[in-house]
Amino acid sequence: MMEIFFETKDVFQLKDLEKIAPKEKGITSMSVKEILQSLVDDGMVDTDRIGTSNYFWAFPSKALHARKRKLEELESQFAENSQKKEALQKSIEKSKTGREDTAERAALLKELAALRQKREQLKTEIDKYRECDPDVVEEMRQTNQVAKEAANRWTDNIFSIKSWAKRKFGFEESRIDKGFGIPEDLDYID
């Protein structure tokens with residue numbers, strides 16, 4: 001399809017291309033519109049609406065300029081990435097200095113690994129005794145106090161509702177307890 005544009009260096013309407021493409025390039029006339037739209041979407045063919053007609057064109061010079069721009073863009077990216085690579089190589093070399101494999105370094109690394117392992121063992125031992133930690137115990141006491149206050153508040157609410165139901169409906173307390181599944185020994189927590 002592009003060869004038609006480049007060889008003739010002319011402007012076409014869709015109906016012209018549907019006649020020319022099957023004869024010259026063997027493109028089926030049914031697929032000309034789809035191919036043309038694809039080329040327009042890719043920016044390889046230009047289109048413009050003049051009056052009621054759509055005109056299509058593509059000149060070799062535009063394709064050449066587009067390829068040159070793309071080439072320049074890729075070359076600048078290549079140069080930029082080459083500089084980054086060089087900087088990273090220098091950084092690697094710089095970080096390697098002072099880290100040569102020596103007996104002293106190996107001994108220090110071994111000691112570091114042993115200290116890390118010991119730290120992990122101490123952490124697990126501390127976790128074993130966590131429940132005896134005064135801060136944890138105090139936090140548990142506070143949590144228990146809040147839970148106790150909440151339980152007493154709900155117990156008070158239950159007693160208030162039972163009292164209201166007795167006055168309003170004249171039910172016996174045992175009947176209310178049985179109907180709502182309230183235990184007979186329900187009382188405040190001390």
Side-chain angles (χ1 to χ4, degrees), residues 1-131 133-136 138-140 142-143:
M1 180 67 84
M2 292 302 294
E3 289 176 6
I4 294 172
F5 288 109
F6 290 162
E7 289 170 2
T8 60
K9 298 178 187 169
D10 201 0
V11 177
F12 298 97
Q13 286 185 327
L14 178 62
K15 63 181 179 181
D16 298 334
L17 288 169
E18 286 175 340
K19 290 178 188 173
I20 296 170
K23 290 179 187 172
E24 293 186 13
K25 301 299 176 186
I27 301 170
T28 61
S29 60
M30 296 294 181
S31 64
V32 169
K33 187 174 183 177
E34 293 172 18
I35 294 170
L36 194 57
Q37 186 59 47
S38 173
L39 292 172
V40 168
D41 292 343
D42 292 342
M44 297 172 71
V45 173
D46 293 314
T47 183
D48 205 356
R49 186 173 189 89
I50 301 172
T52 57
S53 304
N54 285 329
Y55 291 93
F56 300 92
W57 69 92
F59 299 116
S61 61
K62 182 183 180 203
L64 179 66
H65 289 298
R67 278 188 237 124
K68 281 184 181 178
R69 275 196 306 273
K70 185 69 173 173
L71 180 64
E72 288 170 2
E73 183 182 316
L74 290 173
E75 284 175 345
S76 69
Q77 286 179 358
F78 178 75
E80 187 178 313
N81 288 336
S82 294
Q83 288 175 349
K84 282 183 184 177
K85 180 185 172 195
E86 232 176 82
L88 289 173
Q89 288 289 353
K90 287 179 183 177
S91 173
I92 289 171
E93 291 300 320
K94 187 177 182 181
S95 62
K96 280 185 179 179
T97 45
R99 293 187 183 187
E100 293 83 16
D101 288 333
T102 61
E104 181 184 354
R105 179 175 164 78
L108 289 173
L109 287 173
K110 197 173 192 179
E111 184 181 347
L112 177 65
L115 289 172
R116 284 184 176 160
Q117 185 178 4
K118 184 168 182 162
R119 184 181 76 188
E120 289 301 317
Q121 288 174 346
L122 291 173
K123 275 186 178 179
T124 55
E125 192 172 329
I126 286 174
D127 287 341
K128 284 182 196 175
Y129 300 115
R130 184 165 186 80
E131 59 196 38
D133 183 10
D135 294 336
V136 173
E138 183 59 32
E139 186 179 330
M140 288 171 72
Q142 289 175 355
T143 305

J.: May I ask you to check whether over 12 heavy atoms, not counting those of E73, lie within 6.0 Å of atom CD?
T.: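 Yes.
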J.: Only one of D46, V40, D48, V11 forms a side chain to side chain contact (heavy atoms under 4.5 Å, CB included) with F56, so which one is it?
T.: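 Per the side chain to side chain contact (heavy atoms under 4.5 Å, CB included) rule, the option paired with F56 is V40, out of D46, V40, D48, V11.
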J.: Tell me the side chain to side chain donor-acceptor pair (under 3.5 Å) pairs involving residues 83-92, sequence neighbours left out?
T.: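 Pairs touching residues 83-92 that pass the test: none.
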J.: Carefully, step by step, assess D41 and S38 under the rule side-chain contact (heavy atoms from CB on, under 4.5 Å).
T.: CA-CA 5 Å; D41 292 343; S38 173; 5.6 Å; no
J.: Counting only heavy atoms not in E7, do more than 12 sit closer than 6.0 Å to its CD atom?
T.: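 Buried by this count: over 12 neighbours within 6.0 Å.
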J.: Look up atom OG1 in T28 and atom CD in E34, then write down how far apart they are to the nearest 0.5 Å.
T.: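 With rounding to 0.5 Å, OG1 (T28) is 8.5 Å from CD (E34).
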J.: Report the distance from atom CG of D10 to atom CG of D16, rounding to the nearest 0.5 Å.
T.: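 If I round to the nearest 0.5 Å, the distance is 8.5 Å.
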J.: For the CD1 atom of I50 and the CD atom of Q13, what is their distance to the nearest 0.5 Å?
T.: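 Between atom CD1 of I50 and atom CD of Q13 there are 9.0 Å.
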J.: Give, for atom CD of E125 and atom NZ of K128, the distance between the pair rounded to the nearest 0.5 Å.
T.: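 The distance works out to 6.0 Å.
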J.: Determine, step by step, whether N81 and Q77 satisfy the side-chain hydrogen bond (donor to acceptor under 3.5 Å, both in side chains) criterion, reporting the C-alpha distance in whole Å, the side-chain angles of both residues, the deciding distance to 0.1 Å, and the verdict.
T.: CA-CA 6 Å; N81 288 336; Q77 286 179 358; 5.7 Å; no
J.: Could you give the distance from CD (E104) to CG (L109), rounded to the nearest 0.5 Å?
T.: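 So the gap between those two atoms works out to 10.5 Å.
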J.: If we only count heavy atoms from C-beta on, is the W57 to T47 side-chain gap below 4.5 Å?
T.: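 No - every pair of side-chain heavy atoms lies 4.5 Å or more apart.
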J.: Test L17 against every option in I35, V32, V45 by the side chain to side chain contact (heavy atoms under 4.5 Å, CB included) rule and name the one that passes.
T.: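 Answer to the side chain to side chain contact (heavy atoms under 4.5 Å, CB included) test with L17 among I35, V32, V45: V32.
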J.: Determine the minimum heavy-atom distance between I27 and S31, stating which atoms define it.
T.: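 Minimum heavy-atom contact is CG2-OG, 3.7 Å.
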J.: For residues 21-55, which residue pairs pass the ring pair (Phe, Tyr, Trp, His ring centres under 6.0 Å) check, not counting sequence neighbours?
T.: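 Pairs touching residues 21-55 that pass the test: none.
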J.: Looking at CD of Q121 and OG1 of T124, how far apart are the two atoms once the value is rounded to the nearest 0.5 Å?
T.: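 With rounding to 0.5 Å, CD (Q121) is 6.5 Å from OG1 (T124).
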